[in-house]
**Q** 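First the structure, which I've put down as structure tokens, then a few questions once you've had a look.
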Number of protein chains: 2
Amino acid sequence: MPGATAASSKRTSRARDEAGPLSRDAVLDRALDVINQEGVERLTIRRLAEALGVSPMAIYRHVSNKADLVDGVFDLIMSRASVTDHDEDDWLDWLAETFLRMRTALLTQRGALPLTMGRASLGVQALSVMEDVLAVLAKHDIGPPDAARIFNHLMMYTLGSAAILGPIIQQDAELADPGERTRRIRANFELLSGKQFPQLTQHASELAQSLRDTAFSDEIRHIVMSASVERLKP
Amino acid sequence: MPGATAASSKRTSRARDEAGPLSRDAVLDRALDVINQEGVERLTIRRLAEALGVSPMAIYRHVSNKADLVDGVFDLIMSRASVTDHDEDDWLDWLAETFLRMRTALLTQRGALPLTMGRASLGVQALSVMEDVLAVLAKHDIGPPDAARIFNHLMMYTLGSAAILGPIIQQDAELADPGERTRRIRANFELLSGKQFPQLTQHASELAQSLRDTAFSDEIRHIVMSASVERLKP
DNA sequence: ACCTGAACACCGTTCAAGT
DNA sequence: ACCTGAACACCGTTCAAGT
């Protein structure tokens, strides 16, 4: 068994007493634990140090500053989500699954979203996803003229979708059940003043529906298809 | 001249010596100044108090906590951007302009984006924009079944677009010139390893192009059209 | 009514020191 | 080499007090 990976360095107790010297992987691993258990806002150098049973300054041996820590954690999330690691036969299905996984990763890792925003340069993991998606498009004869447009569209739709849904989900404690989530969102729109917002109250049900996973996947397929159809009529 | 508005309470000096008692509008107004002049990360209760020439605790008279302050500032940004206050004849042009203004508002107000994310409930201003857009769609016979889908699509594309572009813009100091911005983004992709990321390096130019304002507006029109075309073939 | 001062429980980060 | 303690310059927020 050569080389323990980051994934295998999970610890159950809150201190680390036993183990050898700290590693970057161990630090990032624990940081992700803290985020999932206590939320992003609780991910601080000091809190992380405490969780590792170590002085705050020990962290700085493996991470140059907080921004570097955040970057590392985000890439770890992306790699754990294995966004492109699946093999549907139909390429539309593959694309739908890929972006659904990306959205889910951004939504379920509590507060992964705030980590994404404000990052100027993409991490290696994010770049790899981009690369894989463009390769699939190219394999279906969608080249430079259209591929970039389609890719950007898919990416932005996914990010925007997560950006809108993320805060809503976090608000209501654990809204894992999609049906209950949809119901709550609809209720929020229905509670608005019908005089001030007639359209919003009227569209409440459909607005809530369009945030569901199935609607998301359908829209991803729709984006790819309508763009490739466009391409065939010069 | 009855009633000074928030907009008219601009101050040129950093202290407020003269003026009467603090108002919520004055606080939010100053907060927006701080954001624009020093960036979001510098918007703190203490910094704001200093800018107003007042003790930190005086702020709490007009704002219940920092989250409330942030919410107020975001709504102020939305209202200043007057996203829906224009009148193109063609409804596609109107929609394109509306969402372009929204994107621009999110991008130019330095760090408006971080304010958006993490907000569970939309402010009155944001809700009004939604209402207006849905009304325009309804006026062109796009009702509940499709309107919500189209609206969500437009909204998410806009938000995602701003989310991706925002950090890039902020990174390179002042990248107001869109040509220069596009060139830099292309360069970033071209600098990647051609062996590790063949697609990304190959698509560099197109990927950068698709982030421009014109490409954005075109895509907004495209989204509306392809969705309404869909609607006509049962 | 409106504002202030002092204090509490936190941050990220630097620096000099320990083993 | 790897870690610690003490300190600096900050945060948001509460509480009791001033005018």
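Protein chains get the first letters and strands the later ones, always in sequence-line order, with residue 1 at the start of each. Not measured: the values here are computed from a predicted model.
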**Q** Ignoring hydrogens and geometry beyond distance, is a side-chain donor-acceptor pair present between B:Ser210 and A:His153 at under 3.5 Å?
**A** no
**Q** CD of A:Glu41 versus P of C:dC10: gap in Å, rounded?
**A** 14 Å
**Q** Show me the side-chain donor-acceptor pairs of residues 56-65 of chain A shorter than 3.5 Å, one per line, residues at least two apart or across chains.
**A**
{"from": "A:His62", "atom 1": "NE2", "to": "A:Leu22", "atom 2": "O", "distance (Å)": "2.8"}
{"from": "A:Ser64", "atom 1": "OG", "to": "A:Asp68", "atom 2": "OD2", "distance (Å)": "3.3"}
{"from": "A:Asn65", "atom 1": "OD1", "to": "A:Ala67", "atom 2": "N", "distance (Å)": "3.3"}
{"from": "A:Asn65", "atom 1": "OD1", "to": "A:Asp68", "atom 2": "N", "distance (Å)": "3.0"}

**Q** Any side-chain hydrogen bond (donor to acceptor under 3.5 Å, both in side chains) involving residues 123-132 of chain B? Give me the pairs, sequence neighbours left out, ordered by first then second residue.
**A** B:Thr84-B:Asp132
**Q** Just verifying a value: how many Å separate A:Ile164 CD1 and B:Met156 CE, rounded to the nearest 0.5 Å?
**A** 4.5 Å
**Q** What is the distance, rounded to the nearest whole Å, between atom CD1 of B:Ile59 and atom C1' of C:dC2?
**A** 13 Å
**Q** From the list D:dG12, C:dC2, D:dC3, which nucleotide is the closest neighbour of the side chain of A:Ala58?
**A** D:dC3
**Q** Given 3.5 Å as the limit, does a donor-acceptor pair link the side chain of A:Ser82 with the main chain of A:Asp85, or not?
**A** no
**Q** Who pairs with A:Ala148 by side chain to side chain contact (heavy atoms under 4.5 Å, CB included), at least two apart in sequence or on another chain?
**A** B:Glu206, B:Leu207
**Q** Quickly work out the B:Leu22 CG to C:dA1 P distance and round it to whole Å.
**A** 17 Å
**Q** Polar atom pairs between nucleotides 13-17 of chain C and protein, under 3.5 Å, N or O only, would you list them?
**A**
{"from": "C:dT13", "atom 1": "OP2", "to": "A:Tyr60", "atom 2": "OH", "distance (Å)": "2.8"}
{"from": "C:dT13", "atom 1": "OP2", "to": "A:Lys66", "atom 2": "N", "distance (Å)": "2.9"}
{"from": "C:dT13", "atom 1": "O5'", "to": "A:Tyr60", "atom 2": "OH", "distance (Å)": "3.4"}

**Q** Write down the distance between CZ (B:Arg47) and C1' (D:dC10), rounded to a whole number of angstrom.
**A** 13 Å
**Q** Can you give me the dot-bracket string for DNA chain D, 5' to 3', counting Watson-Crick and G-U wobble pairs with both distances under 3.5 Å, using [ ] for crossing pairs and | for partners on another strand?
**A** ||.|||||...|||||.||
**Q** Would you kindly give the CZ-to-C1' distance between B:Arg61 and D:dG12, to the nearest whole Å?
**A** 18 Å
**Q** Would one find a side-chain N or O of B:Ser55 under 4.0 angstrom from OP1 or OP2 of C:dC3?
**A** no
**Q** Between A:His62 and B:Arg42, who's closer to the 5' end of DNA chain D by nearest nucleotide?
**A** A:His62
**Q** Any donor-acceptor pair under 3.5 Å linking the side chain of B:Arg30 with the backbone of B:Ala51?
**A** yes
**Q** To the nearest Å, give me how far apart CD (A:Glu50) and C1' (C:dG12) are.
**A** 16 Å
**Q** Check the distance between C:dC2's P and B:Arg24's CZ and give it to me in whole angstrom.
**A** 15 Å
**Q** Calculate, to the nearest 0.5 Å, the distance between atoms CG and CZ belonging to B:Leu191 and B:Phe197 respectively.
**A** 13.0 Å
**Q** Round to the nearest Å and state the distance from B:Leu52 atom CG to C:dC2 atom P.
**A** 16 Å
**Q** Taking ring pair (Phe, Tyr, Trp, His ring centres under 6.0 Å) as the definition, give me every residue that meets it alongside A:Phe99, ordered by chain and number, with sequence neighbours left out.
**A** none
